[in-house]
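Counting starts at 1 for both ligands and their atoms, following the listed order.
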Amino acid sequence: MTTVTAAPELDAVLAKYERKRQYLIPILQDVQDELKYLSEDAIHQVADYLGLSANDVFGVATFYTQFRFIPPGRHHIKVCQGTACHVRGSGLIIEEMARTLHIAPGETTDDREYSLERVACYGSCALAPVVIVDDRVHGRMDAKKTTEIIERIS
Ligand code: FES
């Protein structure tokens, strides 16, 4: 049996919503805003609140790429994989970042310094390919420029 540790900071998040399944996605979005990811305990807490199984909640959450299940690193690198960025080589950027950081997209380095994430169109297609490092948008990027940014923030 899994031991669940309720996160008191989530009580306020959950209290904003009626206990109805239709609020599952907004609740998960709020929980992720609060914790920066969806921990196993948080998933159980949400499931308990809505009267669902943790498997149901996890199944829904994993369907959407917006949800993270591991804590992000101190530096969060997002590489846009929308169409405009993709055709201008964002796939090569994410491959190179994965090689440099020794993690796959969606993972965080063991020292919790960096996390790498693929994101859908960031709304800055004119600047494609776009890389977002710690919420700062960098346009017309390539793997070399992205590596240089990572070296600068290290
Ligand atoms: S496709 Fe990358 S910003 Fe739109």
Worksheet entry | Closest approach of Y114 to S154 (non-hydrogen atoms, all atoms of both residues) |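 What the structure gives for the nearest pair is OH-OG, 2.5 Å.
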Item to complete: Could you list who else is in I70's hydrophobic cluster, with ILVMFWY side chains joined at under 4.5 Å, directly or through other members?
Response: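 Answer for I70: none, a lone residue.
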Worksheet item: Is the closest basic N to carboxylate O distance between E148 and R152 below 4.0 Å?
Response: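 The answer is no: the pair does not qualify as a salt bridge.
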Name the atoms and distances for all side-chain donor-acceptor pairs under 3.5 Å in residues 127-141, with sequence neighbours left out.
from, atom 1, to, atom 2, distance (Å)
D134, OD1, H76, N, 2.8
D134, OD2, H75, ND1, 2.6
R140, NH2, A126, O, 3.1

Worksheet item: How many protein N, O or S atoms sit closer than 2.8 Å to atom 4 (Fe) of ligand 1?
Response: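 Considering protein N, O and S only, atom 4 (Fe) of ligand 1 has 2 within range.
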Worksheet item: Which residues satisfy the salt bridge (charged side-chain N to carboxylate O under 4.0 Å, His left out) test with R19, sequence neighbours excluded?
Response: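 Residues passing salt bridge (charged side-chain N to carboxylate O under 4.0 Å, His left out) with R19: none at all.
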Worksheet item: Are side-chain N/O atoms of N55 and S53 paired as donor and acceptor at under 3.5 Å?
Response: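 The criterion, which ignores hydrogens and geometry beyond distance, is not satisfied for S53 and N55.
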